[in-house]
Amino acid sequence: MKIATWNVNSLRVRLPQVLRWLDTHRPDVLALQETKTEDRHFPVTEFEAAGYSAAFCGQPTYNGVALLSRLPMEVFAAALPDFNDPQKRVLAAAVGSLAVLNLYVPNGQSIESDKFRYKLEWLAQLNLWVTALLDKYPQLAILGDFNIAPADRDVHDPRVWVGQVLVSEPERAAFRQLLKHGLRDSFRLHQNGGGFYSWWDYRAAGFSRNQGMRIDHILLSPALAERSLATVIDREPRGWERPSDHAPVMAELGR
DNA sequence: ATGGCGCGCGCAGCGCGA
């Protein structure tokens, strides 16, 4: 089984690339973030023609998440519970024996910003929810754009980013809190080195110089981590014409 | 070196992303 995540930075613009990538890799589930697409405009028929059913939770201009699946899918949440938030950043579904939680974690903008406080509150509420989810769904995968580089090896030049949003200690502490539940960063089950990124700035030729960050993740519950065969960041679409600034990340599960 | 690009919105240029 293959599950994947991709921040597409507008599904309207990136639809041909998503269809191309699905056709090549045929994941069972693909979680999308930053669809920036209202539900009434979601390209359901295009994905159905490709063999995927779709669940989506969108809004105009900003945010928006979706799940594509080749297997029957039953949505059980479209928001963080007990957290009043108009921003569409969460979509959770049961797919076969798995529970899949698609997240678009707030960016935070800057440490001084109100948006940063919102990010930390959002992450705290997520941590509360994950405790309950793991009880109910032992086979839980949490995937998406976390907007957190967990460690300095996930940042091209940590000195430039010290104390900034995406790498600050409070954000990393929230990420570690998720791992304390027993969740594993699936990429790190298979690769210990640095220099592996999932996002590169459009500016300053970030991709061609591999100046990026690893902020898109697939976390696996203990039961799923045991089944983990591989997790790869596919850099290829980042090199296509008019790319998203994020690359897809895909995990392969055995048994 | 904090701009640099790309997106939506909407028709100029701004807010936002990371």
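Note on naming: letters A, B, ... go to the chains in the order of the sequence lines (proteins, then strands), and numbering restarts at 1 for each one.
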Rounded to whole angstroms, how far apart are [atom1] on [X] and [atom2] on [N]?
X      : N      : atom1 : atom2 : answer
A/W161 : B/dA1  : CH2   : P     : 16 Å
A/F146 : B/dG17 : CZ    : C1'   : 18 Å
A/R12  : B/dG10 : CZ    : P     : 12 Å
A/F175 : B/dA18 : CZ    : P     : 16 Å
A/Q33  : B/dC7  : CD    : C1'   : 16 Å
A/D114 : B/dG15 : CG    : C1'   : 16 Å
A/R89  : B/dC16 : CZ    : P     : 12 Å
A/K36  : B/dG6  : NZ    : P     : 13 Å

Taking the same atom, [atom1], in [N] and in [M], what whole-Å distance lies between them?
N      : M      : atom1 : result
B/dG10 : B/dG6  : P     : 22 Å
B/dG13 : B/dA1  : C1'   : 24 Å
B/dA12 : B/dG17 : P     : 26 Å
B/dT2  : B/dA18 : C1'   : 12 Å

Counting the atoms with a prime plus P, OP1 and OP2 as sugar-phosphate, which does [X] contact under 4.0 Å by heavy atoms, base, sugar-phosphate, or nothing?
X      : result
A/D201 : nothing
A/K115 : sugar-phosphate
A/V167 : nothing
A/Y104 : sugar-phosphate
A/N7   : sugar-phosphate
A/V165 : nothing
A/Q109 : base

B/dG4 - base-pair partner by Watson-Crick or wobble geometry, distances under 3.5 Å: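 For B/dG4, the partner nucleotide comes out as none, under the 3.5 Å rule.
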
Base partner of B/dG13, which must satisfy Watson-Crick or wobble distances under 3.5 Å: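 B/dG13 is paired with B/dC9.
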
Taking the basic N atoms (NZ, or NE/NH1/NH2) and the acidic carboxylate oxygens, is any pair closer than 4.0 Å for [X] and [Y]?
X      : Y      : answer
A/R172 : A/D152 : yes
A/R12  : A/E38  : no
A/R188 : A/D154 : yes

Nearest heavy atoms of A/D234 and A/H25, plus distance in Å: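 Heavy atoms only, the tightest pair is OD2-NE2, 3.2 Å.
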
Hey, is the side chain of [X] poking within less than 4.0 Å of OP1 or OP2 on [N], counting only N and O atoms?
X      : N      : answer
A/R14  : B/dC7  : yes
A/R242 : B/dC5  : no
A/H246 : B/dG17 : no

Any donor-acceptor N/O pair, A/S186 side chain to A/I218 backbone, under 3.5 Å: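 Looks like yes, one N/O pair under 3.5 Å.
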
Main-chain N/O of A/A66 paired with A/N102 side-chain donor or acceptor, under 3.5 Å: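 Yes, because the side chain of A/N102 sits within donor-acceptor range (under 3.5 Å) of the backbone of A/A66.
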
Residue A/T61, side-chain atoms from C-beta onward, closest of B/dC16, B/dC9, B/dC7: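 Closest nucleotide among those given: B/dC9.
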
Side chain of A/W199 - closest among B/dG8, B/dC16, B/dA18: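 Comparing B/dG8, B/dC16, B/dA18 against the side chain of A/W199, the answer is B/dA18.
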
4.5 Å side-chain heavy-atom contact, A/V130 and A/L183: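 Touching, per the 4.5 Å side-chain cut-off.
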
5' priority, DNA chain B, between A/D145 and A/N9 [closest heavy atom]: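 Mapping each residue to its closest nucleotide by heavy atoms, the 5'-most match is A/N9.
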
